[in-house]
Amino acid sequence: MKIVCIADAFITSEMMEKGVRPYLKDGDTMEVFFFGLPDKSQMRDIIKDIEARRHDNIVYPEGLEEAIAAADLIIVHLCPIKRRMIEKAPNLKAIMTCRGGLENIDVEDATELGIIVSNNPAHNANAVAEFTIGVILSETRNISRSNIALRNREWRITYPNTETSVKEMTDMTVGIVGYGSIGRLVAYKLSVFGCKILVADPFLKECKEDYVTVVPMDELLATADIVTLHARSNGAIMTDREFGLMKQNSYLINTARSYLVDTEAFRRAMDSGKLLGAAIDVFETEPDIPEFYLKYDNITLTNHLGGITVNSFCDAPIFAIKNYQNFLAGGELTFWVNKKQLS
């Protein structure tokens with residue numbers, strides 16, 4: 001089996017080598033290419049284009065398309081895999097992406113050509129879940145604001161949520177929108193706080209966890225003190241309508257995708273005083289952020305840090321190769337995106 005691995009600044013060539021090579025079988029070969037720019041900060045605009053499915057100006061590594069033409073398996077992270085590449089690869093059986101998002105894979109074209117596509121929405125799930133708990137605590141307990149005040153030689157006593165009372169987690173209801181890999185971990189980690197946990201997910205077929213209550217989205221918004229987003233969608237799920245339904249003096253947490261929240265609707269919700277606070281890790285205009293965010297004292301702002309841990313990147317190639325080899329041995333392929341179409 002010929003394996004083509006495509007590394008980048010986040011999942012490096014070394015990570016691909018260390019992750020995949022130890023699992024090669026007799027006769028297997030692997031070739032590693034590097035996509036994009038070597039500096040993570042320089043990759044920001046490229047990632048924005050990828051997540052917006054703007055692939056026309058993407059520059060591919062020299063020799064990559066020729067290597068894919070002879071490949072049986074592609075293991076990739078950010079590099080776009082287009083139809084023109086895979087339709088010239090008669091031996092290609094599967095594309096294993098190390099990330100949860102599929103914006104860089106032409107899934108429909110791959111399916112039409114009979115190629116398996118598998119993603120890994122769990123690769124940074126624990127990282128994002130931990131981070132989500134962190135920003136919830138930071139926002140509701142004024143941790144970052146206190147830090148800023150002390151650095152400015154101010155012993156601050158009054159905060160945006162002082163008058164409405166600073167509540168402990170055990171006294172609040174948290175609503176989780178989206179109950180996939182990340183949402184489940186957020187719920188599990190929150191369960192130790194003793195808070196009430198609501199979940200809304202139109203794709204949720206069953207829920208075995210006894211510490212969560214599944215409710216319709218509108219009920220979650222009207223009931224939760226904290227609404228945290230962990231859904232995948234093609235557009236905004238938080239518009240004026242949803243903000244209007246939210247409980248007065250509630251918090252919004254977004255460590256998922258910027259486009260899940262209508263920015264102007266969010267501004268209006270903040271201006272109206274509907275929200276007591278928010279924590280935002282993702283922005284449509286990164287690295288620049290809308291100016292209005294800066295005028296609010298009751299928003300915790302972070303620069304897209306949620307999924308960035310060594311663990312989440314190092315483990316992803318290992319999962320990809322082991323997942324596919326388990327499938328070849330007759331096991332289940334985890335996170336098989338186009339299983340129904342190819343079964």
- Task: Measure the shortest side-chain to side-chain distance between Glu87 and Asp109 over non-hydrogen atoms and say whether it is less than 4.5 angstrom.
- Result: no

- Item | Check: Lys189/Asn126 side-chain N/O donor and acceptor closer than 3.5 Å | yes

- Message: Keeping Arg156 on the side-chain end and Thr158 on the backbone end, is there a donor-acceptor pair under 3.5 Å?
- Response: yes

- State which residue, out of Ile237, Val282, Val177, fulfils the side-chain contact (heavy atoms from CB on, under 4.5 Å) condition with Leu260. Ile237

- Message: Taking Lys339 first and then Glu332, would you say they form a salt bridge - that is, a charged N and a carboxylate O separated by under 4.0 Å?
- Response: yes

- Looking at side-chain heavy atoms only, is the closest gap between Lys88 and Ile86 below 4.5 Å? no

- Item | Parallel, tilted or perpendicular, as decided by the 30° and 60° cut-offs, for the rings of Phe35 and Tyr60 | tilted

- Message: Tell me if a side-chain donor or acceptor on Ser144 pairs with a main-chain N or O of Ser138 at a distance below 3.5 Å.
- Response: no

- Query: Do Cys98 and Ile75 come within less than 4.5 Å of each other through their side chains, counting heavy atoms only?
  - Reply: yes

- Query: Are side-chain heavy atoms of Asn120 and Thr97 found at a separation under 4.5 Å?
  - Reply: no

- Would you mind checking if Lys82 and Asp106 are paired as a salt bridge, meaning a charged N to carboxylate O distance below 4.0 Å? yes

- Under 6.0 Å from the OH atom of Tyr211, do we count more than 12 heavy atoms belonging to anything else shown? yes

- Item | CG on Leu252 to CE on Met238, rounded to 0.5 Å | 5.5 Å

- Could you tell me whether the side chain of Asn254 and the main chain of Leu229 form a donor-acceptor pair under 3.5 Å? no

- Cluster link Met169 to Leu185, ILVMFWY, side chain under 4.5 Å: no

- Apply side-chain contact (heavy atoms from CB on, under 4.5 Å) to Ile6 and Val4, showing your working. CA-CA 7 Å; Ile6 311 171; Val4 171; 4.2 Å; yes

- Measure the shortest side-chain to side-chain distance between Thr173 and Ile226 over non-hydrogen atoms and say whether it is less than 4.5 angstrom. no

- Message: Within the supplied structure, the quantity of interest is the number of heavy atoms (other residues, nucleotides, ligands) at a distance under 6.0 Å from Glu14 CD; does it exceed 12?
- Response: no

- Distance-minimising heavy-atom pair for Met43 and Gly36: SD-CA, 3.8 Å

- Message: Is there a path of hydrophobic side-chain contacts, each under 4.5 Å between heavy atoms, that joins Leu204 and Met217?
- Response: no

- Task: Group every Ile, Leu, Val, Met, Phe, Trp and Tyr by side-chain heavy-atom contacts under 4.5 Å, then state whether Val174 and Ile280 land in the same group.
- Result: no

- Distance, nearest 0.5 Å, that separates OH of Tyr23 from CD of Gln325: 9.0 Å

- Task: Examine distances only and state if a side-chain atom of Lys18 and a backbone atom of Met16 form a donor-acceptor pair shorter than 3.5 Å.
- Result: no

- Task: Look at Arg145 together with Glu139 and state whether they make a salt bridge at an N to O cut-off of under 4.0 Å.
- Result: yes

- Item | Polar side-chain atom of Lys196 near backbone of Met172 as donor-acceptor pair, under 3.5 Å | no

- Task: Check the hydrophobic clustering (I, L, V, M, F, W, Y; side-chain heavy atoms under 4.5 Å; chains of links allowed) and say if Leu92 and Val107 are grouped together.
- Result: yes

- Message: Under a plain distance cut-off of 3.5 Å, with no hydrogens placed, do Asp281 and His304 share a side-chain donor-acceptor pair?
- Response: no

- Message: Looking at every heavy atom in both Asp262 and Phe243, which two are closest together, and how far apart are they?
- Response: O-CE1, 4.4 Å

- In this structure, which one of Asn298, Asn142, Thr140 forms a side-chain hydrogen bond (donor to acceptor under 3.5 Å, both in side chains) with Asn161? Asn142

- Task: Go through the steps for Glu130 and Ile133 under the test side-chain contact (heavy atoms from CB on, under 4.5 Å), then give the verdict.
- Result: CA-CA 5 Å; Glu130 285 186 354; Ile133 304 300; 5.9 Å; no

- Message: Does the plane of the ring in Phe313 sit parallel, tilted or perpendicular to the ring in Phe10? Use 30° and 60° as the thresholds.
- Response: tilted

- Of all heavy-atom pairs between Ser312 and Thr309, which one has the smallest distance, and what is that distance? OG-O, 2.9 Å

- Would you check, one step at a time, whether the test side-chain contact (heavy atoms from CB on, under 4.5 Å) holds for Lys93 with Phe327? CA-CA 12 Å; Lys93 310 295 190 304; Phe327 172 70; over 6 Å; no

- Where do Ala222 and Lys247 come nearest, in terms of heavy atoms and distance? O-CB, 3.7 Å

- Task: Keeping the roles fixed (side chain from Asn152, backbone from Glu154), state whether a donor-acceptor pair exists under 3.5 Å.
- Result: no

- Query: Taking atom CD of Glu108 as the centre, does the number of heavy atoms from other residues, nucleotides or ligands within less than 6.0 Å exceed 12?
  - Reply: no

- Task: Inspect the surroundings of CG in Asn57 and state if more than 12 heavy atoms from other residues, nucleotides or ligands are less than 6.0 Å away.
- Result: no

- Query: Is Arg241 salt-bridged to Asp218, cutoff N-O under 4.0 Å?
  - Reply: yes

- Of all heavy-atom pairs linking Ser272 and Ala269, the shortest is OG-O, 3.0 Å

- Message: Tell me whether Met96 shares a hydrophobic cluster with Ile50, the cluster being built from Ile, Leu, Val, Met, Phe, Trp, Tyr side chains joined at under 4.5 Å.
- Response: yes

- Task: May I ask you to decide whether Lys48 forms a salt bridge with Glu103, counting only side-chain N to carboxylate O separations under 4.0 Å?
- Result: no

- Do other residues, nucleotides or ligands put more than 12 heavy atoms under 6.0 Å from Glu62 CD? no

- Message: Quick check against the 3.5 Å criterion: does Asp28 have a side-chain atom that pairs as donor or acceptor with the backbone of Lys25?
- Response: yes

- Stepwise ring pair (Phe, Tyr, Trp, His ring centres under 6.0 Å) test for Phe283 and Tyr293: CA-CA 11 Å; Phe283 307 90; Tyr293 280 92; 5.4 Å; yes

- Query: Can you find a heavy atom in the side chain of Val227 that is under 4.5 Å from one in the side chain of Leu220?
  - Reply: yes

- Message: Any non-hydrogen side-chain atom of Pro121 less than 4.5 Å from a side-chain atom of Ile182?
- Response: no

- Determine whether the aromatic ring centres of Phe266 and Tyr296 lie less than 6.0 Å apart. no

- Asn323 side chain vs Leu333 backbone, donor-acceptor pair below 3.5 Å: no

- NZ/NE/NH1/NH2 to OD/OE distance under 4.0 Å, Glu209 and Arg184: yes

- Task: Indicate yes or no: at least one non-hydrogen side-chain atom of Arg257 is less than 4.5 angstrom from one of Arg232.
- Result: yes

- Query: How far apart are the C-alpha atoms of Lys2 and Glu31, what are their side-chain angles, what is the distance that settles it, and do they pass the salt bridge (Lys or Arg N to Asp or Glu O under 4.0 Å) test?
  - Reply: CA-CA 8 Å; Lys2 178 177 173 60; Glu31 196 171 357; 3.0 Å; yes

- Query: Would a distance-only check, ignoring hydrogens and angles, find a side-chain to backbone donor-acceptor pair under 3.5 Å from Ser165 to Lys167?
  - Reply: no

- Item | Candidate pair Arg99 and Asp8, rule salt bridge (Lys or Arg N to Asp or Glu O under 4.0 Å), full reasoning | CA-CA 12 Å; Arg99 64 198 300 263; Asp8 51 58; over 6 Å; no

- Task: Run the salt-bridge test on Arg141 and Glu168 with the 4.0 Å N-O cut-off and return the result as yes or no.
- Result: no

- Message: Which heavy atom of Ser118 sits nearest to which heavy atom of Phe335, and what is that distance?
- Response: OG-O, 3.0 Å

- Using modelled atom types only, decide if a donor and an acceptor are shared between the side chain of Ser250 and the backbone of Met246 within a distance under 3.5 Å. no

- Item | Test applied, side-chain contact (heavy atoms from CB on, under 4.5 Å); reference residue, Val186; option that passes from Val128, Thr132, Thr255 | Thr132

